[in-house]
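As structure tokens, the structure follows; a few thoughts come after it.
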Amino acid sequence: SGKGRMSLRNYGTAARVGLVAAVVMFGLSGCGKSHDRGALWKVVHGRCAADAEHKPCTVYDEKDGYALLKDHTGHGQYLVIPTQKVPGVEDPVLLKPETPNYFAEAWGERAHVAQSYGFGIPDEHLSMAINSRPGRTQDQLHIHLDCLTAYARAELDKNMITENWSLVSLYGHPYRARIVASLDPSPFRVIAADDMSIHTLVVTPAKHGGFILLDDMAHVFDHGAGEELQDHSCHLDDPHHKTMIMDGMDMGEHPNGMM
């Protein structure tokens, strides 16, 4: 939709200027100053790696370099986490071709989401999201694997998204959007910005093949948390909520406990 759009040239400038204000107002650490920002790494490195059955991780794949952990928020949300120390989206190792493709690994584990919810979920209702440095509360890279909100799916389907970047307004935030044929190369390498720390990436299947890659940048009043596009209750496919998902208030809710 055209409402709330800005030119792609102005998008980057506005985000950079806005981030300066955001640093002053909120600090680069984002929310969660009162808790342990290393807790996630301690679980994966200290518990999953050491336990004979890799508990509490659902999957711990040292060879491919990732772990799958059920998040405490929601019934079906999972986190894909490197088994090596990678603080977040800003780590330059993510731009190297030899680094594990964490988005591809996450997509390969998507069946766990529907299994945990206990009902079927079509691929186009699933998504992967990584928050920016200002928009996260943990300093170990983690990709959120869960359902899209009904609102986000409807808005993406309304827009003519192609292989060229265009702007899509979602929850009042200006996301760049484009189609990528596959998850190879990694979405991190597709973006490959000078300052990756302010970027939040979201990936979901496109209607006619390939994936939609969404990219927003943290700036004032926008922490850069693409997880906002996810519904950790999966109202889109929950049979108990299917009669409610077309209600305007329900489609716009943010029930997430984001990190």
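The shown structure was predicted, so the numbers you read here are calculated from the model rather than taken from an experiment.
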State, with a plain yes or no, whether a side-chain heavy atom of [X] is found less than 4.5 Å away from one of [Y].
{"X": "W107", "Y": "S182", "answer": "no"}
{"X": "D36", "Y": "K42", "answer": "yes"}
{"X": "D216", "Y": "L170", "answer": "no"}
{"X": "H75", "Y": "D238", "answer": "no"}
{"X": "I191", "Y": "R176", "answer": "yes"}
{"X": "P122", "Y": "D237", "answer": "yes"}
{"X": "P187", "Y": "V180", "answer": "no"}

Is the side chain of [X] donor-acceptor paired with the backbone N or O of [Y] at a distance under 3.5 Å, no angle test?
{"X": "E109", "Y": "A104", "result": "no"}
{"X": "D71", "Y": "H144", "result": "no"}
{"X": "H219", "Y": "M217", "result": "yes"}
{"X": "T149", "Y": "Q230", "result": "no"}
{"X": "D146", "Y": "L126", "result": "no"}
{"X": "Q140", "Y": "V86", "result": "yes"}
{"X": "T200", "Y": "I130", "result": "yes"}
{"X": "T99", "Y": "V93", "result": "yes"}
{"X": "N159", "Y": "I161", "result": "no"}
{"X": "H54", "Y": "C48", "result": "yes"}

Residue among L213, D123, L229, L156 satisfying side chain to side chain contact (heavy atoms under 4.5 Å, CB included) with T204: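 Single pass found, and it is L156.
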
Under the side chain to side chain contact (heavy atoms under 4.5 Å, CB included) criterion, do H45 and K85 qualify, and how do the steps go? CA-CA 9 Å; H45 183 66; K85 183 61 180 166; over 6 Å; no

Once you round to the nearest 0.5 Å, how far does [atom1] of [X] lie from [atom2] of [Y]?
{"X": "L214", "Y": "S127", "atom1": "CG", "atom2": "OG", "answer": "9.5 Å"}
{"X": "D231", "Y": "L236", "atom1": "CG", "atom2": "CG", "answer": "7.0 Å"}
{"X": "I212", "Y": "E124", "atom1": "CD1", "atom2": "CD", "answer": "10.5 Å"}
{"X": "E155", "Y": "S169", "atom1": "CD", "atom2": "OG", "answer": "8.0 Å"}
{"X": "R110", "Y": "C147", "atom1": "CZ", "atom2": "SG", "answer": "13.0 Å"}
{"X": "L148", "Y": "H235", "atom1": "CG", "atom2": "NE2", "answer": "14.0 Å"}

Give the ring-plane orientation class for F119 versus Y117, where under 30° counts as parallel, over 60° as perpendicular and anything between as tilted.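 F119 and Y117: parallel rings.
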
For the residue pair H112 and Y78, does the interplanar ring angle fall in the parallel (under 30°), tilted (30 to 60°) or perpendicular (over 60°) class?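 If you compare the ring of H112 with that of Y78, the planes turn out tilted.
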
Centroid-centroid distance, F188 to F103, less than 6.0 Å: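 Yes: the rings meet the under 6.0 Å criterion.
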
Closest non-hydrogen atom pair, [X] against [Y]:
{"X": "P82", "Y": "V44", "answer": "O-CG1, 4.0 Å"}
{"X": "T58", "Y": "K70", "answer": "OG1-N, 4.2 Å"}
{"X": "D64", "Y": "D61", "answer": "N-OD1, 2.9 Å"}
{"X": "S132", "Y": "S197", "answer": "CB-O, 3.4 Å"}
{"X": "L94", "Y": "G88", "answer": "CD1-O, 3.4 Å"}
{"X": "I179", "Y": "G209", "answer": "CG2-O, 4.3 Å"}

Worked verdict on R136 versus R37 for side chain to side chain contact (heavy atoms under 4.5 Å, CB included): CA-CA 9 Å; R136 71 177 189 240; R37 294 179 65 89; 4.0 Å; yes

Is the CD atom of E62 crowded by more than 12 outside heavy atoms at less than 6.0 Å?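 For E62, atom CD is not crowded (no more than 12 foreign heavy atoms under 6.0 Å).
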
Within a 6.0 Å radius of atom NZ on K55, are there more than 12 heavy atoms belonging to other residues, nucleotides or ligands?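 Check fails, neighbour count at 12 or below.
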
For a side chain to side chain contact (heavy atoms under 4.5 Å, CB included) check, start with the C-alpha distance between V203 and L183, then their side-chain angles and the critical distance, and finish with the verdict. CA-CA 9 Å; V203 178; L183 297 175; 3.8 Å; yes

Does the side chain to side chain contact (heavy atoms under 4.5 Å, CB included) test come out yes or no for V43 and Q138, once each step is laid out? CA-CA 12 Å; V43 170; Q138 288 294 305; over 6 Å; no

Answer yes if W41 and V59 sit in the same cluster of Ile, Leu, Val, Met, Phe, Trp and Tyr residues linked by side chain heavy atoms under 4.5 Å apart, and no otherwise.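 Looking at the clustering, V59 is in a separate group from W41.
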
